[in-house]
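Everything on this sheet refers to the single structure shown next.
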Amino acid sequence: MDGLLVDNHAMWDDAHRHFFRVRGIAEDAIDVVRAMCMGKSMEEGSAILKEHFSLPESVEEIITERLSVTDKIYSELAPPMPGATSLLS
């Protein structure tokens, strides 16, 4: 799911918008977060979010929520990239 089989950049942006919305963080922070977290592991990105936004949750709690939201988005909205379906059949 790294962008080869599914266009996941939009999915991650949607997940981050949800994450921000429930915490009262301005959605325009998405560009900053994308720049800070791109290419990082889930643990590294979650630690960055925790520190940058002074979040009270543990890194593990942030990871759990991010995965829950992204799993829902991927299962409902992630269209396969052109040719992905035939590649996997």
If you look only at pairs with a residue in residues 55-68, which of them pass as a salt bridge (charged side-chain N to carboxylate O under 4.0 Å, His left out), with sequence neighbours excluded?
Arg23-Glu57, Arg23-Glu65
Pairs in or reaching into residues 18-48: which pass ring-ring contact (aromatic ring centres under 6.0 Å, His included), with residues at least two apart or in two chains?
Phe20-Phe53
With sequence neighbours left out, the residues meeting side chain to side chain contact (heavy atoms under 4.5 Å, CB included) with Asp71 are none
Table please: side-chain donor-acceptor pairs of residues 28-38 below 3.5 Å, with sequence neighbours left out.
from  : atom 1 : to    : atom 2 : distance (Å)
Asp31 : OD1    : Arg34 : NH1    : 3.0
Arg34 : NE     : Asp13 : OD1    : 3.3
Arg34 : NH2    : Asp13 : OD1    : 3.3
Arg34 : NH2    : Asp13 : OD2    : 2.7

Do you know which two heavy atoms are closest between Val59 and Ser46, and how far apart they sit?
CG1-CB, 4.0 Å
Kindly write out the residues that satisfy side chain to side chain contact (heavy atoms under 4.5 Å, CB included) with Ser41, not counting sequence neighbours, or none if the list is empty.
Glu43, Glu44
Where is the tightest heavy-atom contact between Leu55 and Leu49, given as atom of each residue plus distance?
CD1-O, 3.7 Å
Euclidean distance, Ser54 OG relative to Ile25 CD1, rounded to 0.5 Å:
9.5 Å
